[in-house]
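Structure record follows, encoded as structure tokens.
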Amino acid sequence: MMKEPTLGNPKNTIEILQKYQFSFQKKYGQNFLIDTHVLEKIISSAQITEEDVVLEIGPGIGTMTQYLACAAKKVIAVEIDRSLIPILEDTLGEYKNVRIINEDVLKLDLAKLALEENEGRPIKVVANLPYYITTPIIMGLFEKHVPLESITVMIQKEVADRMQVGPGTKDYGALSLAVQYYAIPYIVANVPPNCFMPRPAVSSAVIRLTKRKEPAVLVEDESLMFRLIRASFNQRRKTLVNGLKNSAELDFSKEEIQNAVETLGKGVNVRGEMLSLEEFATLANYLKRHKE
Ligand code: SAM
């Protein structure tokens, strides 16, 4: 029988922190979860089964890791802060299906790790993420083609909102399009600052990103589509035509751009923020085929 989780409430968390005289490092975005309801909600929405290999990014003192270890076949926990390793060895000592890796997750080859740990079958990612690197972590998982089924993560609420909105809203941007290209986002819960120790300055949300079997749209040149998207939102207040013309990442004449934008049937003065993912794909496919 796997040991029931012992962490996840303020009393036991404080006891561990005092035992090891741990001091929080702000630069690592350390806000530890101290609410068992939130932990249970994350585990249930991640839909973990005994067949699953789970990657946890930033286990902290191992609070969520204990819950994950009870639900999954195996947990790989990647933690950057060396001073947390002896704590993790203590709090996770009785969970034999946990592997702790003391590394910066952004420097690890996660595709290789998933291959080694689950023979290339898709893994699930579950984490209370360090907020300062939310976007590079999530985009890295998608763009480096780590075999995965879903990502269930606690992130800043404002960022979660950006991931699931569509054209014409103020939060819509390059992140919304990139996430929706690879996955189906769903906000599972909003989480207030008092569920963490220390309390973060912002509100949080748990979001599940279910990876699509195929990307949401067909595009011949993925990199060109994302350069178009970045150029459109870098100059949000400009028309799409001007945004694309001014971008250092693109090399199309004004005429080529105007012709491409006209094919969308929205007028030449349309702004990028009004375009759906399908329309960015249409634009990229047209420009690719009509480059002089
Ligand atoms: N999972 C724990 C919890 O819920 O209580 C801790 C979450 S805390 C928000 C983020 C964790 O990520 C911290 O333990 C921090 O040290 C770790 N971390 C920060 N940057 C990291 C990086 N680049 N690679 C791996 N872990 C990182």
Side-chain angles (χ1 to χ4, degrees), residues 5-17 20 22-46 48 54-72 75-92 95 98-110 113 124-141 144 146 151-157 159-160 188-189 191-207:
T6 51
L7 298 168
N9 65 53
K11 182 174 160 283
N12 293 358
T13 299
I14 290 169
E15 217 173 270
I16 288 286
L17 296 176
Y20 288 90
F22 177 76
S23 40
F24 288 97
Q25 297 230 46
K26 219 171 168 191
K27 68 171 180 189
Y28 289 146
Q30 293 176 337
N31 300 97
F32 297 165
L33 265 169
I34 49 163
D35 187 302
T36 51
H37 297 294
V38 174
L39 285 153
E40 281 157 14
K41 183 88 190 167
I42 296 173
I43 303 299
S44 68
S45 59
I48 296 158
V54 174
L55 168 68
E56 187 192 6
I57 297 161
I61 59 168
T63 307
M64 194 154 73
T65 327
Q66 292 187 341
Y67 284 77
L68 291 168
C70 290
V75 184
I76 319 294
V78 180
E79 174 55 61
I80 197 171
D81 185 350
R82 194 162 5 125
S83 68
L84 285 166
I85 303 304
I87 303 184
L88 288 167
E89 280 162 1
D90 176 356
T91 59
L92 301 173
Y95 298 84
V98 177
R99 175 179 169 199
I100 302 162
I101 301 178
N102 182 202
E103 262 291 356
D104 177 347
V105 73
L106 294 178
K107 295 195 178 136
L108 269 183
D109 183 343
L110 295 175
L113 187 66
K124 287 180 178 159
V125 177
V126 185
N128 169 17
L129 285 181
Y131 294 173
Y132 74 106
I133 43 172
T134 299
T135 303
I137 290 177
I138 293 180
M139 291 322 298
L141 287 165
K144 294 188 182 136
V146 178
I151 302 176
T152 307
V153 278
M154 177 87 71
I155 58 178
Q156 204 175 318
K157 173 156 173 28
V159 181
V188 172
V191 183
N194 63 3
C195 295
F196 302 86
M197 180 183 295
R199 295 178 182 196
V202 293
S203 284
S204 306
V206 178
I207 192 165

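Only heavy atoms go into these numbers, but all of them, side chains included; no hydrogens, no water, no symmetry mates. Counting starts at 1 for both ligands and their atoms, following the listed order.
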Atoms in ligand 1 flagged as close to [X], the criterion being non-hydrogen separation under 4.0 Å:
| X | result |
| --- | --- |
| V78 | 25 (C), 26 (N) |
| E56 | 1 (N) |
| L129 | 9 (C) |
| L84 | 14 (O) |
| D104 | 22 (C), 23 (N), 24 (N) |

Return yes or no for this condition: an N or O of D81 is under 3.5 Å from an N or O of ligand 1. no

Which protein heavy atom lies closest to atom 14 (O) of ligand 1, and at what distance to 0.1 Å? E79 OE1, 2.7 Å

With a heavy-atom distance limit of 4.0 Å, tell me whether A127 approaches ligand 1 through its side chain, its backbone, both, or neither. neither

Non-hydrogen atom of [X] closer than 4.0 Å to ligand 1:
| X | result |
| --- | --- |
| M154 | no |
| Y132 | yes |
| L39 | no |

Side chains of V126 and M64, heavy atoms from C-beta outward: is any pair under 4.5 Å? yes

